[in-house]
Amino acid sequence: MIREAGHGFGHPHDVHDPAGGLAGCRSQFPALGTSVGGRPAVFLDGPGGTQVPVSVVEAINEYLLQRNANSHGLFATSRASDEGVEHARSRFAAFFRAESASEIAFGANMTTLNFHLARNIARDLAPGDEVVITELDHEANRAPWLALREQGIVVREVRVDPATCQLDLLDFGGKIGPRTRVVAVGAASNAVGTVNDLGAIRQLAQGAGALLVVDAVHFVPHLPVDVRAIGCDFLLCSAYKFFGPHIGVLYGRRAAFERLRCHKVLPQDDAIPFRLETGTPNFEGIAGAAAALDFIGGLGGPSAIAAYEDQLVARLRAGLATVPGVQLWQAPAEAPKTPTVAFTMNTLDAPAIARRLGDEGIFAWDGDFYATTLVKRLGLAARGGLVRLGLAPYNTMDEVDRTIAAVAKLASEGAGAQ
Ligand SMILES: Cc1ncc(COP(=O)(O)O)c(C=O)c1O
């Protein structure tokens, strides 16, 4: 875990050496030197995309300045380019505990990869076949499946319970039937931080013989991913949410991936994972994504990150809960959550809160963050949605305290004006 005292962090069994504690971690992010009105900026916008450490930028530079060439050429830079991609696949395979590097594919971003995946899976579906999605998910894990209605696929939506911000597992069971072919679900909600019970959901999907597609975009890097323990067929994430550049990553379980009939151009290799990778890869982005995993390893891995973030988020939740007029939108206390806190206030709408925080140098997102259906179910669409505070390993307790104080100040001004 990262300690405020800066004595280093990391569990005894972590692969990488400690990187110098919190101060060491922060020193790798030049953007943290930003100030607004003379006050240091507080970056709580991580769920929309984290800041990027120098090592990742250097890896991207190194690729473009030293190894830049298209693939499959019979010369040094092209070989180096291909080697870089294979290195990154191996790194992601290890990170996800996949069986082999050939189960890892890269693409433009999660949304584009997921549309591609859904279109390809649908080639082997028949009208009347069913896909199950959820009201809690980001639209990137809804729209690709909803689009299949055009070809007669029945898409069923699992209910979110607005009182708990959790999926209704009874409803989940009821939505799955003998014609369910795909269950598409998030590992964690990017809006309210709910971590879904993937064990229960896997059982439901497997019971129906359906493919399980998991959107892990908000889950990585807050919690470790083990694709075999999850038992998913496909899992997607996006490197810019974990210190990398803007590139999407897909895991496909070998047997499921090999059955996937992909739309592809004639010369494209039909072996996995190449069959899914249309066009020229984003070589520099792939290099940066691999470097992002090295950075995470240097922090002690996702478990160490989670241990640190848990301390910060416990204080943030407890502090906000004491502010009059603030309502937290989150799963019950004992339920697992990411360090992402969503709230509203009775005196100000979300955009007004985010603007005021922004003026104070506290960077927070407002709106629905493309969890559009959830925000409608919460009844917040007309009020500008939620304010979202997302913690990352470069955040500090002082920043948490400053944020609580800023929200409390807004609340007291609002109360005075009423
Ligand atoms: C949970 C979740 N899923 C999917 C996406 C879409 O990812 P991308 O921007 O890589 O398409 C996001 C982006 O915010 C997200 O938070």
Side-chain angles (χ1 to χ4, degrees), residues 44-50 109-115 118 131-147 155-169 171-172 175 183-198 201 213-220 222-223 235-238 240-242 248 313 317 320 327-332 335-345 349-351 353-354 363-392:
L44 299 181
D45 58 336
T50 60
N109 48 51
M110 181 278 182
T111 307
T112 306
L113 274 171
N114 210 24
F115 267 107
V131 173
V132 174
I133 63 172
T134 88
E135 292 182 344
L136 184 61
D137 272 69
H138 188 284
E139 291 300 312
N141 202 27
R142 292 172 43 84
W145 309 107
L146 286 166
V155 182
R156 300 193 186 282
E157 300 188 45
V158 176
R159 189 182 159 265
V160 68
D161 180 350
T164 63
C165 295
Q166 288 174 305
L167 290 174
D168 177 341
L169 285 183
D171 188 49
F172 216 131
K175 292 280 158 56
V183 172
V185 67
S189 158
N190 67 311
V192 288
T194 307
V195 172
N196 289 325
D197 184 350
L198 288 182
I201 295 167
V213 178
V214 174
D215 171 3
V217 172
H218 184 65
F219 195 81
V220 184
H222 302 297
L223 291 157
L235 178 138
L236 302 99
C237 67
S238 220
Y240 72 95
K241 308 288 189 181
F242 50 91
V313 79
R317 287 200 179 101
L320 290 178
Q327 179 172 0
L328 295 177
W329 298 84
Q330 60 186 11
K337 296 183 265 300
T338 61
T340 295
V341 181
F343 73 97
T344 51
M345 287 171 65
D349 285 351
I353 302 167
F363 299 169
W365 279 106
D366 64 285
D368 68 21
F369 333 108
Y370 284 27
T372 312
T373 307
L374 168 70
V375 168
K376 266 191 213 145
R377 291 288 172 270
L378 297 180
L380 296 171
R383 295 189 45 204
L386 297 155
V387 180
R388 181 181 65 184
L389 308 174
L391 294 166

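Computed over heavy atoms, backbone and side chain alike; hydrogens, waters and symmetry mates excluded.
Contact annotation: the side chain of Ile201 approaches that of Asn196 to within less than 4.5 Å [non-hydrogen atoms, C-beta and beyond]. Within the 4.5 Å cutoff, no side-chain heavy atoms of Val220 are placed close to those of Lys241. Side-chain contact between Leu167 and Val185 is present, with at least one heavy-atom pair separated by less than 4.5 Å. Leu320 is listed as a side-chain neighbour of Leu389, based on a closest heavy-atom distance under 4.5 Å. Side-chain atoms of Leu391 and Thr340, non-hydrogen and from C-beta on, never get closer than 4.5 Å to each other. Side-chain contact between Tyr370 and Thr111: absent, with no pair of heavy atoms (C-beta onward) separated by less than 4.5 Å.
No donor-acceptor pair closer than 3.5 Å links the side chain of Asp45 to the backbone N or O of Gly48. Panel note: side chain Asp161, backbone Asp168; no donor-acceptor pair is recorded below 3.5 Å. Lys337 places a side-chain N or O within donor-acceptor distance of the main-chain N or O of Pro332, the cut-off being under 3.5 Å. The backbone N or O of Thr134 lies less than 3.5 Å from a partner atom in the side chain of Arg142, making a donor-acceptor pair. Judged purely by atom type and a 3.5 angstrom limit, Asp349 has no side-chain atom pairing as donor or acceptor with the backbone of Gly384. Lys175 contributes a side-chain N or O that, together with a main-chain N or O of Glu157, makes up a donor-acceptor pair within less than 3.5 Å.
Rounding to the nearest 0.5 Å gives a distance of 6.0 Å between CG of Leu113 and CG of Leu236. In this structure, the separation between OG1 on Thr344 and CD on Gln327 is 4.5 Å, given to the nearest 0.5 Å. For the atom pair CG of Leu146 and CD1 of Ile133, the computed distance is 4.0 Å after rounding to the nearest 0.5 Å. In this structure, Leu328 CG and Arg317 CZ are separated by 8.0 Å, a value rounded to the nearest 0.5 Å. The CD atom of Glu135 sits 12.5 Å away from atom OG1 of Thr372, with the distance rounded to the nearest 0.5 Å. Distance check, rounded to the nearest 0.5 Å: CD of Gln166 to CD of Gln330 gives 10.5 Å.
Scanning both residues, Pro47 and His218, for their nearest heavy atoms gives CB-CE1, 3.8 Å. Residue Met345 comes nearest to Arg383 through the heavy atom pair O-NH2, 2.7 Å, listed as atom of the first residue, atom of the second, then distance. Scanning all heavy atoms of the two residues, the minimum distance from Leu374 to Ala191 falls at CD2-CB, 3.8 Å. Taking both residues in full, the closest heavy atoms of Ala354 and Ala364 are given as CB-O, 3.8 Å, listed atom of the first, atom of the second, then distance. Gly186 and Asn141 make their closest contact through N-ND2, 4.0 Å (heavy atoms, listed as atom of the first residue, atom of the second, distance). Val313 and Pro339 get closest at one heavy-atom pair: CG2-CA, 3.6 Å.
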Verdict with reasoning, Trp145 to Val213, per side-chain contact (heavy atoms from CB on, under 4.5 Å): CA-CA 11 Å; Trp145 309 107; Val213 178; 4.1 Å; yes
task: Kindly indicate, with the supporting measurements, whether the criterion side-chain contact (heavy atoms from CB on, under 4.5 Å) is fulfilled by Val375 and Phe369.
output: CA-CA 9 Å; Val375 168; Phe369 333 108; 5.5 Å; no
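Atom CH2 of Trp329 has more than 12 neighbouring heavy atoms from other residues, nucleotides or ligands inside a 6.0 Å radius.
Sorted by first and then second residue, the side chain to side chain donor-acceptor pair (under 3.5 Å) pairs involving residues 185-194 (not counting sequence neighbours) form an empty list.
For the pairing with Val192, the side chain to side chain contact (heavy atoms under 4.5 Å, CB included) check across Val160, Leu136, Thr338, Val341 returns one residue only, Leu136.
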